[in-house]
Q: 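One structure, as structure tokens, below. Some questions next.
A note on names: the letters A, B, ... follow the listed sequences, proteins ahead of strands, and every chain is numbered from 1.
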Number of protein chains: 2
Amino acid sequence: MSLEQIAYNIKFFRDQHNWTQQELADKLMISRSVVTKWENSTATPDIASLIKLSNVFDVSLDHLTGNYSFRNDLLKDFKRIYSSKDKPFDDEIVELMEYIMIHPMFKEQIYKLKKLPIKKQLSVQQLFSNLIDQYEKL
Amino acid sequence: MSLEQIAYNIKFFRDQHNWTQQELADKLMISRSVVTKWENSTATPDIASLIKLSNVFDVSLDHLTGNYSFRNDLLKDFKRIYSSKDKPFDDEIVELMEYIMIHPMFKEQIYKLKKLPIKKQLSVQQLFSNLIDQYEKL
DNA sequence: GTAAAATGTTCCAAAGGGGAACAAAAGGGG
DNA sequence: CCCCTTTTGTTCCCCTTTGGAACATTTTAC
């Protein structure tokens, strides 16, 4: 359950802002001891407080609670955000993003690839392509 | 405050799924009357319940609560919001996305990889990893 | 080492969530 | 239009749990 995550994150974001518990409590207009309890999982904020936290920290509720999963609407958010940047968005990219995120080792390898000299990159890509073709036929 | 928004949204998403209050209550393993109260702002779910709701409805907490914030540089904010120390959505991913978008052929190959049986995927990933290592040493 | 700041703990009252039972609407057939 | 079923709303009450104040402990700075 992500209730402990909330506790951790409250402290994390508070530290990130270099706020004392008292300062955070003031912003939320609550007692300081409550902040302590939140951060130690002795208590859990109600929803109104959680929303206030998300606002003073300027992070999403999902980030604050650690409630991320690959929900469609998150991907849609990304799609919306990213495609608004320059070009129309490619649905396949979203799938690949997810795939890469699920396979961190593979991700690292691609990351290494990206750092190789261009010519090597193209060679690797070519070999990779052959590899895939072979495995498709197996 | 978006507490009324939550009430509205719970009913909205429940209707969208064509669930009765009872059905929703069953999924959350709580009493039905509580759902009624949530939807009428007679009560507000605690955070654990809110997270469950976000999961059964498959929407983000921010969607569920109407806690939208509109930011200027969307991509930048998106990166900031979804990146954290465990980095489910880190800078590298965005870099890789761009890389893959720039190399459509490569993209297609990864796309093919993704569609292979799991075991083949892992084999390919392993070989790919070796390949990269080799090229790094050249 | 000491004083101040920051954080943690304990106690208690109050608030409010949750469940059960009852009440009221809403939807169909006949 | 009425009856029966389904769905939704309300009331009452228990009881968990929050939140605050005061006290305790730890950390920091000098």
Side-chain angles (χ1 to χ4, degrees), chain A residues 1-69, chain B residues 1-68 84-86:
Chain A
M1 169 54 64
S2 43
L3 287 184
E4 280 88 27
Q5 189 67 38
I6 298 177
Y8 180 89
N9 286 343
I10 291 174
K11 176 165 174 49
F12 177 84
F13 288 120
R14 181 174 63 77
D15 287 341
Q16 200 172 49
H17 287 258
N18 276 317
W19 294 340
T20 66
Q21 291 181 346
Q22 185 66 58
E23 286 173 311
L24 177 55
D26 290 344
K27 290 178 196 299
L28 305 176
M29 296 192 293
I30 58 167
S31 143
R32 181 196 57 79
S33 63
V34 175
V35 175
T36 303
K37 292 179 189 173
W38 289 350
E39 293 187 353
N40 295 324
S41 287
T42 309
T44 306
D46 61 18
I47 291 181
S49 299
L50 193 75
I51 291 175
K52 284 184 192 168
L53 284 168
S54 124
N55 290 330
V56 299
F57 288 148
D58 195 27
V59 298
S60 71
L61 288 176
D62 296 276
H63 195 37
L64 188 57
T65 58
N67 185 49
Y68 8 66
S69 59
Chain B
M1 172 52 64
S2 40
L3 287 184
E4 279 87 27
Q5 189 67 37
I6 297 177
Y8 180 88
N9 285 344
I10 291 174
K11 177 165 173 50
F12 177 84
F13 288 120
R14 182 174 62 79
D15 286 342
Q16 200 172 49
H17 287 256
N18 276 319
W19 294 340
T20 65
Q21 292 181 344
Q22 185 66 58
E23 286 173 313
L24 177 56
D26 289 344
K27 290 177 196 299
L28 305 176
M29 295 192 292
I30 59 167
S31 141
R32 183 196 55 79
S33 63
V34 174
V35 175
T36 305
K37 291 178 189 174
W38 290 349
E39 293 187 353
N40 296 326
S41 286
T42 308
T44 306
D46 61 18
I47 291 181
S49 299
L50 194 73
I51 291 175
K52 284 185 193 168
L53 283 169
S54 120
N55 290 329
V56 299
F57 288 149
D58 195 28
V59 297
S60 71
L61 288 175
D62 297 276
H63 254 125
L64 191 55
T65 59
N67 186 46
Y68 306 111
S84 66
K85 43 183 258 323
D86 48 340

Q: So, taking the atom named CD1 in A/Ile51 and the one named CD in B/Gln5, what distance separates them when rounded to the nearest 0.5 Å?
A: 10.0 Å

Q: Counting only N and O atoms by type, is there a donor-acceptor contact under 3.5 Å from the side chain of B/Asp46 to the main-chain atoms of B/Ser49?
A: yes

Q: At what distance, to the nearest 0.5 angstrom, does CH2 of B/Trp38 lie from CD1 of B/Ile30?
A: 3.5 Å

Q: Side-chain contact test, heavy atoms from C-beta onward, threshold under 4.5 Å: evaluate it for A/Thr65 versus B/Leu50 and give yes or no.
A: no

Q: To the nearest Å, how far apart are A/Met29 CE and D/dG20 P?
A: 11 Å

Q: From the options D/dT8, D/dG19, C/dG18, select the nucleotide whose nearest atom is closest to the side chain of B/Thr36.
A: D/dT8

Q: Does any non-hydrogen side-chain atom of A/Leu24 lie less than 4.5 Å from one of A/Ile10?
A: yes

Q: Taking for each residue the nucleotide of DNA chain C bearing the nearest heavy atom, is the 5' side occupied by B/Thr44 or by B/Ser33?
A: B/Thr44

Q: Between C1' on C/dA6 and CD on A/Glu39, what's the gap in Å once rounded to a whole number?
A: 11 Å

Q: Looking only at side-chain atoms of A/Arg14, point me to the closest of D/dG9, C/dT9, C/dT7.
A: C/dT7

Q: Could you check whether any side-chain heavy atom of B/Thr36 comes within less than 4.5 Å of a side-chain heavy atom of B/Thr42, counting everything from C-beta outward?
A: no

Q: Going by heavy atoms closer than 4.0 Å, what residues in residues 17-28 of chain B are next to DNA chain C?
A: none

Q: What residues form a ring-ring contact (aromatic ring centres under 6.0 Å, His included) with B/Phe13, not counting sequence neighbours?
A: B/Phe57

Q: Looking at C/dG16, does its base get a donor-acceptor pair with the side chain of B/Lys37 below 3.5 Å?
A: no

Q: Rounding to a whole Å, what distance do you find between B/Trp38:CH2 and D/dT10:P?
A: 17 Å

Q: Parallel, tilted or perpendicular: which fits the ring planes of B/His17 and B/Trp19, with parallel below 30° and perpendicular above 60°?
A: tilted

Q: Atom CG of B/Asp46 and atom C1' of C/dG19: how far apart are they, to the nearest Å?
A: 14 Å

Q: Can you tell me how far P of D/dT17 sits from CG of A/Leu50, to the nearest Å?
A: 18 Å

Q: Just how large is the angle between the end axes of the helix from C/dG1-D/dC30 to C/dG30-D/dC1, five pairs per end, to 10 degrees?
A: 50°

Q: Kindly point out which of C/dT9, C/dG18, C/dG19 is positioned nearest to the side chain of A/Asn40?
A: C/dT9

Q: Taking N and O atoms by type only, does the side chain of B/Arg32 place a donor or acceptor under 3.5 Å from a partner on the base of D/dG9?
A: yes

Q: Okay, side chain of B/Arg32, backbone of B/Gln21: is any donor-acceptor separation there less than 3.5 Å?
A: no

Q: Roughly, in whole Å, what's the span from NZ in A/Lys52 to C1' in D/dT18?
A: 14 Å

Q: May I have the distance from A/Ile30 (atom CD1) to D/dT17 (atom C1'), rounded to whole angstrom?
A: 15 Å

